Amino acid sequence: MKEDLKVYNDALQLVGNTPLIKLNRITKDLTGDFYAKVEAFNPGHSTKDRIALYIIEEAERKGILKPGDTIIETTSGNTGFSIAMVSVIKGYECILAVSSKSSADKIDMLKSLGAKVYVCPAHVSADDPRSYYEVAKRLHQEIKGSVYINQYFNELNIDAHYNTTGPEIWKQTEGEITHLVACSGTGGTISGTARFLKEQNPDIQIIGIDAYGSVLKKYHETREFDENEIYPYRIEGLGKNLIPTATDFDVIDRFVKVSDEESAHTARMISKTEGLFVGYTSGAAFQGVKQLAEEEIFDANSKVVIIFPDHGSRYMSKIYSDDWMQEQGFSDSENLVDAEKI
Ligand code: PMP
């Protein structure tokens, strides 16, 4: 059992220093040691607590933010939740401009943490004044002393992980990590963590996980933006239809693409076999590991760290709903039978 019985002044003191947990069962056919950096242990249940806290505290240090000022962002996902949490604890207003495609559950979650939510039409283009990008930009210009987090284009997103996730993993593995496997959305997690780890040991292999339907892998290989790569997919938070400046493609050795279906089954398998109730992209990350293992890139000396970005509770009406799985045509239950055999 955990021995730390410290008392904390507020939930923000619990951001970061997440556990590294060895995966013991789902890895039984793989060669090497595999460890999950389980970001659901953050108080806001995802890795985004790190960037919300870091970017807001940087703005405080620079004197940009004063008590009562406003933080603005354009997301209904984990980043929105983390910014709302940090704002309520530190006494800032939080405005989140979200797409009307966002589920009512997500919007209610953000409102529960005191955020003001602007629901913007999903059907308009990004440069339409009604789009959530434009609404956020306009509010940022209008509200004096406001901070726009702008996670896809904010270098501080990388710095947050360079200063926290990277050093934690280096320490937790006592410098023995050989591979880092992480999902890439804004790219902040993989870029910041990799930048720190490569400085310690340039031989560490950095593998990004991308979705079919996203441009990141192709861009990494060609440095060209290929619109033909873009089509709709189900996994949220992974991959992108634009090139974020919060991704440092130079510190990433390669990308692996994973499918919606296999990632969903793999997330369910992690919960069933390891007792770690993880989100969709954790399934995507481990699906990538399985594909890499098929290429035999790991050996008995490999120490592979996989970042599990968030908690499964956010996906009850998605990957953890049998009905949803069936609606997507993901009804193949072979993996579930396998889980019982392990
Ligand atoms: N998984 C989930 C669930 C996320 O919300 C995100 C953030 N978009 C990621 C993975 C990817 O992290 P990053 O943005 O740091 O690349």
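Numbering of ligands and ligand atoms starts at 1, following listing order. Note that the structure is a prediction, hence the values are computed from the model and not measured.
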Q: For residues 244-251, dump all side-chain donor-acceptor pairs below 3.5 Å to protein atoms at least two apart in sequence or in another chain.
A:
residue	atom	partner	partner atom	Å
Thr247	OG1	Thr186	O	2.7
Asp248	OD1	Asp250	N	3.0
Asp248	OD2	Arg195	NE	3.3
Asp248	OD2	Arg195	NH2	3.1
Asp250	OD1	Arg223	NH2	2.7

Q: Keeping to residues at least two apart or across chains, list the ring-ring contact (aromatic ring centres under 6.0 Å, His included) pairs with something in residues 168-215.
A: Tyr162-Phe196, His179-Phe298
Q: Identify all side-chain donor-acceptor contacts of residues 10-17 below 3.5 Å with residues at least two apart in sequence or on another chain.
A:
residue	atom	partner	partner atom	Å
Asp10	OD1	Leu12	N	2.9
Asp10	OD1	Gln13	N	3.3
Gln13	OE1	Asn9	N	2.7

Q: Report every pair formed by an N or O atom of ligand 1 and a protein N or O atom separated by less than 3.5 Å, giving atom names and the distance to 0.1 Å.
A:
residue	atom	partner	partner atom	Å
ligand 1	1 (N)	Thr281	OG1	2.7
ligand 1	5 (O)	Asn78	ND2	3.1
ligand 1	8 (N)	Gly237	O	3.1
ligand 1	14 (O)	Lys48	NZ	2.8
ligand 1	14 (O)	Thr186	N	2.8
ligand 1	14 (O)	Thr186	OG1	2.6
ligand 1	15 (O)	Thr186	OG1	3.4
ligand 1	15 (O)	Thr189	N	2.9
ligand 1	15 (O)	Thr189	OG1	2.5
ligand 1	16 (O)	Gly185	N	2.7
ligand 1	16 (O)	Thr186	N	3.3
ligand 1	16 (O)	Gly187	N	2.8

Q: Any salt bridge between Lys318 and Glu236, counting N to O under 4.0 Å?
A: yes
Q: Give a yes/no verdict on a cation-pi contact between Arg268 and Tyr315, requiring under 6.0 Å between NZ or CZ and the six-membered ring centre and an angle within 45° of the axis.
A: no
Q: Please confirm whether Lys240 makes a cation-pi placement over Tyr152, using NZ or CZ under 6.0 Å from the six-membered ring centre and within 45° of the ring normal.
A: yes
